[in-house]
There are 2 protein chains.
Amino acid sequence: MDNKKAKLRRRRHRRARSTVSPGADLGHLRDLVGYAIRRAQIVVFRHFRKSFAAHKIRPIQYGVLTVVGANPGLKQSEVCTALGIKRANFVGILNELERRRLIERRSAKDQRVNALYLTRAGKSLIERLRQINKAHEREVAAGLTSNERVRLIKMLNRISKATYADL
Amino acid sequence: MDNKKAKLRRRRHRRARSTVSPGADLGHLRDLVGYAIRRAQIVVFRHFRKSFAAHKIRPIQYGVLTVVGANPGLKQSEVCTALGIKRANFVGILNELERRRLIERRSAKDQRVNALYLTRAGKSLIERLRQINKAHEREVAAGLTSNERVRLIKMLNRISKATYADL
DNA sequence: TATTGTTATACTCTATAACTATA
DNA sequence: TATAGTTATAGAGTATAACAATA
């Protein structure tokens, strides 16, 4: 049913095409910070996953290993706050890292708390991951000058800092 | 078991705290483009959802309505390419928008193809959404000058454009 | 009572394979 | 054969509620 259009088509390509996505006019989407962030995030995370595939490390795992490495003895809840993870969701992430002998839970003075430490293997791995990450970062930011890269991060952090408490 | 640490702790707060997340040292994460993007995306999307909550519109739905509005008669697969959605995942998104009478599928000359059009209600809604989006964009970019905002988007688009075909 | 970690659960987003109807 | 849309399914990521152990 509905065989009377298909002549209404034929009108496309009127505006300049997006530099990000070919095939159709994105309208004002290409002028939005949020849309630019979303597209960049997809590309960067895809690149990250491929870069770390050999070590089976996802971005969140790299974050946890990095933060615990920089803060030995950190509590689970503190890692969650630092990285913006819900503590309920952190349990599974941590279970896998512990199963792989990269992180240890140790009970603390406060028996409710688990203090987290990288194992020897975890410390060794994070050093290698750090090198991979340097290459990853270089490639992701290949289109930016060093100054631009720093300014980009600062601008993004200014956006992140805002709390929008009223909404 | 394991009651002999908790004195190893007490060492935190050694480096400058992150401007994004309080509570622990993020290590080098705060110097990474990918991490800055991730944090900004979370904040921006949360703000978006709250801004559009009254209309029950998610970012992806706003994208579809905008692209179809700017390209009447676009095929489903073309919308998918433009927005980076898998066509399998687009079916459900479109079903809901059609159920809400905002978009119509019309069969095209090629009977395999669905051409997409905003309904009258869809056109009316997208105009109102556009106004909400302007306020949303203004608030998200409140910490940036107009020039910075434009440069931020251009830098993010440069990152998105890269294909990393070798990885 | 409040906090930490945990379990269970649900919803969204993303990804792949296989089916159908059309070309 | 190939393409457009669809279905089914699985995996992450994210969110909330409720529980046990401990403070």
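Letters go in sequence order (proteins before strands), and every chain restarts at 1. Quick caveat, the model's predicted, so the values are computed rather than measured.
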**Candidate nucleotides D/dA18, C/dC13, D/dA4, ranked by approach to the side chain of A/Arg87 - the nearest** = D/dA18
**Request:** Round to a whole Å and report the spacing from OH of A/Tyr62 to C1' of D/dG13.
**Result:** 21 Å
**Item:** B/Lys86 NZ to C/dA18 P, straight-line distance once rounded to whole Å
**Value:** 16 Å
**Message:** Distance criterion of 3.5 Å, no angle test: do you see the side chain of B/Asn89 paired donor-to-acceptor with the base of C/dA15?
**Reply:** yes
**Request:** Report the distance from atom CG of A/Asn95 to atom C1' of C/dT6, rounded to the nearest whole Å.
**Result:** 9 Å
**Message:** So if I take every side-chain heavy atom of B/Val113 and compare against D/dG5, C/dA17, C/dT6, which nucleotide ends up nearest?
**Reply:** D/dG5
**Asked** Nearest-Å distance, CZ (B/Phe45) to P (D/dA15)?
**Response** 13 Å
**Asked** Any link between A/Val91 and A/Val79 through a network of hydrophobic side chains (Ile, Leu, Val, Met, Phe, Trp, Tyr) touching at under 4.5 Å?
**Response** no
**Prompt:** Would you say the side chain of B/Arg112 and the base of D/dG5 hold a donor-acceptor pair, judged only by whether the two atoms sit under 3.5 Å apart?
**Reply:** no
**Request:** Kindly say if B/Ser77 contacts the phosphate of D/dT3, meaning a side-chain N or O under 4.0 Å from OP1 or OP2.
**Result:** no
**Request:** For side chain to side chain donor-acceptor pair (under 3.5 Å), just list the numbers for B/Asn95 and B/Arg105, CA-CA rounded to whole Å, side-chain angles, deciding distance to a tenth of an Å, and then say yes or no.
**Result:** CA-CA 9 Å; B/Asn95 284 348; B/Arg105 287 169 166 109; 2.9 Å; yes
**Complete:** A/Ile57 atom CD1 is separated from D/dA12 atom P, nearest whole Å, by 13 Å
**Request:** Please confirm whether any donor atom in the side chain of B/Asn114 sits under 3.5 Å from an acceptor in the base of D/dA4, or the reverse.
**Result:** no
**Message:** Without decimals, in angstroms, what is the distance between A/Arg58 CZ and C/dT14 P?
**Reply:** 17 Å
**Request:** Establish, yes or no, whether a centroid distance under 6.0 Å links the rings of B/His136 and B/Tyr62.
**Result:** no
**Request:** May I have the distance from B/Gln76 (atom CD) to C/dA21 (atom P), rounded to whole angstrom?
**Result:** 16 Å
**Request:** Could you tell me which non-hydrogen atom of A/Tyr35 sits nearest to which non-hydrogen atom of B/Ala82, and how far apart they are?
**Result:** OH-O, 3.6 Å
**Request:** Give the ring-plane orientation class for A/Phe48 versus A/Phe52, where under 30° counts as parallel, over 60° as perpendicular and anything between as tilted.
**Result:** parallel
**Message:** Nearest whole Å is fine: how far is C/dT4 P from A/Lys75 NZ?
**Reply:** 4 Å
**Nearest listed nucleotide, side chain of A/Arg49, among D/dA12, C/dA2, C/dT12** = D/dA12
**Prompt:** Are any of B/Arg38's side-chain N or O atoms less than 4.0 Å away from OP1 or OP2 of D/dT14?
**Reply:** yes
**Item:** Earlier contact from the 5' end, DNA chain C, for A/Val91 and A/Ile42
**Value:** A/Val91
